[in-house]
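Basis for what follows: all heavy atoms, side chains included, without hydrogens, waters or symmetry-related copies.
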Amino acid sequence: MARLGLVIYTHITLCFILETGQSSAEIPRVLTASGDFVIGGVFPIHEDVYKANESFAPHQKTCIRFQIRGLTRALAMINAIEIMNKSPPLADANITLGYWIQDSCSDVSTALRATTDFTQQVSCHERSNTPTCRQPVMAVIGATYSEISIAIARQLTLQMIPQISYSSTAVILSDKSRFPAFMRTIPNDKHQTAAMVSLLSTYGWNWVGIVTTDGNYGLSALENFVSQASEKGICVAFKSVLPQSITNEDVMSAIRQTAKTINMNPKVQVIVSFAKPSHMMDLYQELKRQILKAGQNVESMRRVWVASDSWSSSVSVHGNLSLENIGHVLGFTFKSGNLSSFRDYLDRLEATGYDDTENNSFVREFYMEINASKNYRDNELVSKAVRTLREHAEADVSFSVEMAVSAITQAVASICRSRDCKSTDRVQPWEVLQALWMHEFKLREQKYKFDSNGDINLGYDVNMWRSEGGKNLIHDFIAEYHPQNNSLTHINDSSSPCLQDLEHIVSKCSNSCVPGEFKKTAEGQHTCCYECINCTENYFSNDTDMDQCLSCDTNTEWSPIGSSSCLRKALLFFGWQDGFAVVLLTFCALGILLALLVSVLFLHQHDTPVVKAAGGPLCQAVLFSLVISYISAILFVGRPNSLQCKARQVLFGLSFTLCVSCILVKTLQILLAFHFNPELQEVLKRLYQPYVIITICVALQAAICICWLILKSPFNQIIRNPTTLLEDCHEGSYLAFGVMLGYIAILVFVCFIFAFKGRKLPQQYNEAKFITFSMLLYLISWLLFVPVYVTTSGVYLSAVEMVVILISNYGILSCHFFPKCYVILFRREQNTKSAFRKNLYVYSNKSRDPVSVSTSSVSEKQSNGQRFILRTSSLSVPATNSNTCSDKTSCKGFRRSSTARQCLRRSTSI
């Protein structure tokens, strides 16, 4: 009989469809059960209504397109109420809950009619307590979609009937000034969009598209997403807004345009969707159609689809497509609970069979939908229906419905503990609302409480669809979102192949700028569309996609063009490890060693004519000054410091001034002995004081150096070049530096003149030639040094001055001392008094006024240096020391060579 009744019912329904052109018959859209307290329920058992204008008179529209998800949610509410009726809170209060579930048909007008029924019963009960009035509705659970919840919330607020939604997430509903009676067991969309943005940032997807609907839910989600995404540098390439109603005549046109937009943006590999499941199913089919029409492979439609809670758990959106065609789907779902009790309910539903559905018109219609094309037997039909319900069961929404029922149950129980709820003094809906706000409730040993916005914010689970065994919708839990700290925590191992695929997906308008580059956005373009420009010199970028390059600290750092980091500037100075420095230091050490050896040799041979002719004690002063000069040259090597900078120039100036002063005194000695006329010679001889002259010369240089050190002394400095730091000495005052060198140059020039005049002296006195050469060498080397020093800079500038000092020192050492060392060591026969007398005799014979030099009258004394007393009384070498001309012949001979002159005593200090 049940089978026959179902066939007759189906036949009548089909006839009605043929007559009206509608896709579903007029079936009662109410499901009720009695109880002491009635909870209303609003669920979308159908997906839309037939919207043809049948009449201008107000009428109830026909619902079309049965929706299994809506039925599972309504059954979840029934199951939760049945469980709560057996719970201790209601058992203790001796009360039961009933329900009044209505079908919203996903339509605002239909939902408002249902809400009107709820509010009328409350008003009816307030006016009269007659049997014609039903029990008032104490609270309402629903609706599913935000636009419907907004509409019925305004109506329920008039009588402050508490409304708890299980899936309406529009942010506006958290405004308690406008919706004081609205509550929900889920977070609002502001948290969901924040979670989506966090997911996109995690994988570096900054070029995305959005598909949404034109209702309150879709537009609110779009606004929040765009605002939060822009803060994270994520750009929206396109926004496609679809009509809210799936039967709208423009919906297919909008879907075709959306599919075209997606295909025209191949760089957009990630699409965020707040659309309905039916929208997404039609969109996938349209994408496939357009791609095949263009002659492309179906897999070219692959994208990463970020699904909102509106369709993230739907099993119907893929249609005849597989995940290999669609791509990856990342769905955001509310926190899930234990579905074991709901599964038990479905098991009981299957066990009771077909005959137990007489009081459940929704289930009967569902059976009819399943049996429309196939003739199942009763048990097969029920098994098929229950199996389908299990497949469409949503753990997150079912848990949210169960939380709503639990919250209302414990609120009512808290009221009834203090009074008799079955008396004439019945509970009012606003009292239930007050209890919901004030008290927390417990579900499966967990405590929950509505926040100040009327929300319960547990966060989100992120699931990834995968295909297994031909089934597309198997969800892998990959992450969870914590709204308290706005963080996304990955749960699964990152080695999962699915997650590895996500890491290789690129959804960017422009390729990432690597370190060393920065993004340059053209005017009028998205900030995510840019070109990568190399950082200029001394700028760097050390991360990908930097908006600008960072500056190096040019005092100590530098970077080449396109650098990802700053390099430390190399600190340069004329160091000890430098090969050139090693060579110069070797010459310095050799020079010091040679000077000391010569000094020792001259001390050992201090009584010999060669040493006395070379200056005697003055030779030791010259050698000492050369040693100090070599030491000053060593100070040009190494990392300079302030003391070193001051000491090196002063030591050289004073030491070389002492050296040149001693040589100057020697040249004066020679000239006084051989080149001045007797009258002038006598005057100059009295003025000639060697050590006084040396002291004055050195004192003048010391005064110059002291003024230099006091007024503007040398100091160490760091010259900042583009890639290096050159540390050297600044001379402080280049004028003082020039005066010091100029003073030495004047002394050297005077020495050069005097030595040049004495270049034709006797061989043993012929130091003038060597002195002339050494002084000329000094002048030339320093004249070359000045322009080099003024026009150039660098680490080897100190080496240049060091070379010039060494040339000057070696010039004096080689020209002044080495010839005498050669005589002392290898020509000892020339280092005797007789050899000196012989040379003087030869020189006298070659002179312009020949004179007789008496070898016996040449005596040698030491007074303030070596002094030779030369008497020219005869051309012969007499044995006596007479001061007069005793030999007339000789005197006559002398007069012949110098008429009108007497035989004069000619003595001078040499």
Please name the pair of heavy atoms, one in Met301 and one in Val298, separated by the smallest distance, quoted to 0.1 Å.
-> CG-O, 2.9 Å
Could you give the distance from CD1 (Ile45) to CD1 (Ile68), rounded to the nearest 0.5 Å?
-> 11.0 Å
Close side-chain approach of Val363 and Leu31, heavy atoms under 4.5 Å | no
Checking salt bridge (charged side-chain N to carboxylate O under 4.0 Å, His left out) for the pair Lys260/Glu286: CA distance, chi angles, key distance, verdict?
-> CA-CA 9 Å; Lys260 183 179 179 182; Glu286 181 61 23; over 6 Å; no
Between the side chain of Arg73 and the main-chain N/O of Val401, is any donor-acceptor distance below 3.5 Å?
-> no
Report yes if the side chains of Phe179 and Arg154 come closer than 4.5 Å at any heavy-atom pair, otherwise no.
-> yes
Let me see the working for Gln244 and Asn216 under side-chain hydrogen bond (donor to acceptor under 3.5 Å, both in side chains), right down to the final yes or no.
-> CA-CA 9 Å; Gln244 173 70 20; Asn216 293 95; over 6 Å; no
Minimum heavy-atom distance between Glu517 and Cys532, given as atom pair plus value = OE1-CB, 3.2 Å
Cysteines Cys509 and Cys528 with SG distance under 2.5 Å = no
Heavy-atom nearest pair, Gly209 first then Val268, reads N-CG1, 3.4 Å
Mind checking the CZ-CZ spacing from Phe334 to Arg184? Nearest 0.5 Å is all I need.
-> 9.0 Å
What about His318 and Trp465, are their ring centers closer than 6.0 Å?
-> no
For Val514, does its backbone N or O pair with a side-chain atom of Ser512 as donor and acceptor, under 3.5 Å?
-> no
Tyr460 and Tyr481 aromatic ring geometry - parallel, tilted or perpendicular at 30°/60° bounds | tilted
Nearest heavy-atom contact between Phe118 and Gly40 is CZ-CA, 4.0 Å
Any side-chain donor-acceptor pair under 3.5 Å between Gln155 and Thr116?
-> yes
